[in-house]
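Reviewing the structure listed below.
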Amino acid sequence: MNGNTPKAQTRPFDVVIAGSGLTGSILAVALTGKVRPQLRVALCGRAGADRNDPRAYAIAPGVRLMLEVLGIWERVETRAAPVMEMRITDSRLEDVVRPLMLSLGEGTDSDAPLAHIVPAGALAEAADSILAESAVERVDPGTFRGFETDGGRALLVGSNATVEGTLVVAADGARSVLREMAGIRTVGWDYGQSGVVATLQAEIPHGNRAVQHFLPDGPFALLPLPDNLYSLVCSMPKDRADALAALAADELKAELEARAGAEIGPLTPLTPAVAFPLGLHLARSFIAPRLALAGDAAHRMHPLAGQGQNMGLRDVAALAQVIVEAARLGQDIGGLDVLERYQRWRRFDTVQFAMVTDGLNRLFSNDIGIVRALRDTGLGIFDRLSGLKRQAVRDAAGLSGDVPRLLLGLPA
Amino acid sequence: MKEPVQPAPASTVDEAEIQRFSALADTWWDPQGKMGVLHKFNPVRLAFIRDTVARHFGRDPADGETLKGLRLLDIGCGGGLLCEPMARLGADVVGADASPTNIEVARIHRDRSGVAVDYREATAEGLAEAGETFDVVLNMEVIEHVADTELFMRACTGMVRPGGLMFVATINRTAKAFALAIVGGEYVLRWLPRGTHSWNKFVRPEELSALLAAGDMRILEETGVIYNPLADSWRTSRDMDVNYMVAATKDGTTDVG
């Protein structure tokens, strides 16, 4: 470390969260309130950063329990729709009737929803309103310029201010500056695909069914929202996605209806279609001395399983518990021995999920006859193995294995 | 240059033992380093100490200041792996070690961490003779390394205030302990240098109980500690055949609480 390190302008914090998107904001919520011991938490970034996020997230049951404990769920519940069934088809556009390959939700001995679809903006607003009345301090250090450690403290150097903490959490997104400054490299690849999102009004009642068609150019999902709306999440080659996003409203409508299939019926876009590039990347390490990566800074994966945000919120659940437990033992919360517990907890889960979603995407994003025949058989068999299916649902729901307490609906 | 330390007469310190641990000193604080096994062991022993203190003194185990105001001695503190957490939980900590290297390492790390610990190059006998007393005495992974366990335990129990606690962690003298702690830990897994432990110095629970009773202390809690190779972590267990910990109290009333 060089001799002219800027001095922190504030008292030292226990935890400095760099990035006020959903992952960072919800981590701040998880570390405040009635949590013992009381930790001094700084949340660096603007309030309301994600309020205009056009996406909607499929929130898994375990993650919903965590949102309940944190008081977020009661604030978003009216804007969320349960998914009672997920119909997965493998189809070509010219197939008028899309043969059902896999139906999740039926036969799981439960009428509990598979997931809830929640607009990202609603989650951001809920977190912001809780934080406004909490002990969490909002700090705006400006653009992140440096990350340094010195003995028991870490310094987050911004263009406007320097913030000091025992632990810094990089929640600054897929292009994390902190990750780069800590010298953590990523592995991954660009899919050459873009995601497209929009909110659509349906005429035929959706009956809280989600639909995922594996079309030859990529997965196409319609996720139910209240008021008979769908959140569209689809991916396709970049040029086609850009072309789709550039269409006029009536052309977009026709294009989406063709992709959705006759069973879904008329769809009216209520928002413009927005395209964004997709890639898979994983940080080679989720931790460095006094630094933990969370959410997209640690991993970004294909959105087809609706799991990207769930993975980020599972990071939050694990990291909050590791921090709180270490503080109760008097351990150094920025120490590698403590952070290693977080890494061990999250990394296997993340890598496994990234590989599964990546594999599914590659398997389905093509139109080669033999691959199609194999996967149709494969999905058909998968659907008949109800025990295996239930396990897959439980895995996707984050209900198996050694689970952080927040995901069981318990305080951290 | 400091003057060489003159071994005190009737000291329980085994010079060869001190040299062995001094050789490890530089890597005390690296969780991936040679003391990695102690770092992995730390959460389970910290939790045992914290939870027993909370029950005994009526404290909150979750408020981050469970040991507030308690005067605590960590005998054989090494690089300070227990002292720093105890200080963060509010204890007024004295860390004692007969190895000047360990004390030096501990001081350097304490200053980097910014916690308050009073480190002393001292033996249990020396502190006892000076009339020091404590609410809590930590005697963790030390007794199996001292030359004279009776003398050592007399000094340790003598420093516990009435109503206070002593924690002892050690290794049982069983065939299983020989297989796991010495053959496994030193030869197979190479967690510790060969020769770190001598089987005949391991202490059986009933011997420990007698040593405590001789100092007017009775055991409140005891637990085994076992290693789970799949999770690469330690947890408490009823199995006390290898590693185990006890908490003992000296009857009487204490003015802290």
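Lettering of chains follows the sequences in order, A, B, ..., and the numbering in each one begins at 1.
- Looking at every heavy atom in both residues, B/F57 comes nearest to B/G164 through CZ-CA, 4.4 Å.
- When all heavy atoms are compared, the tightest approach of A/A154 to A/R290 is CB-CB, 3.7 Å.
- The greatest number of non-hydrogen atom pairs below 4.5 Å with chain A, out of B/A87, B/P43, B/P85, B/P61, is found for B/P85.
- Nearest heavy-atom pair, A/D14 versus A/Q38, reported as atom, atom and distance to 0.1 Å: OD2-O, 4.4 Å.
- Chosen from A/L329, A/D337, A/D332, A/T166, the residue pairing most often with chain B at heavy-atom distances under 4.5 Å is A/L329.
- In this structure, the portion of B/D60 lying under 4.5 Å from any heavy atom of chain A is its side chain and not its backbone.
- Salt bridge A/R344/A/E340: absent, no basic N to carboxylate O contact under 4.0 Å.
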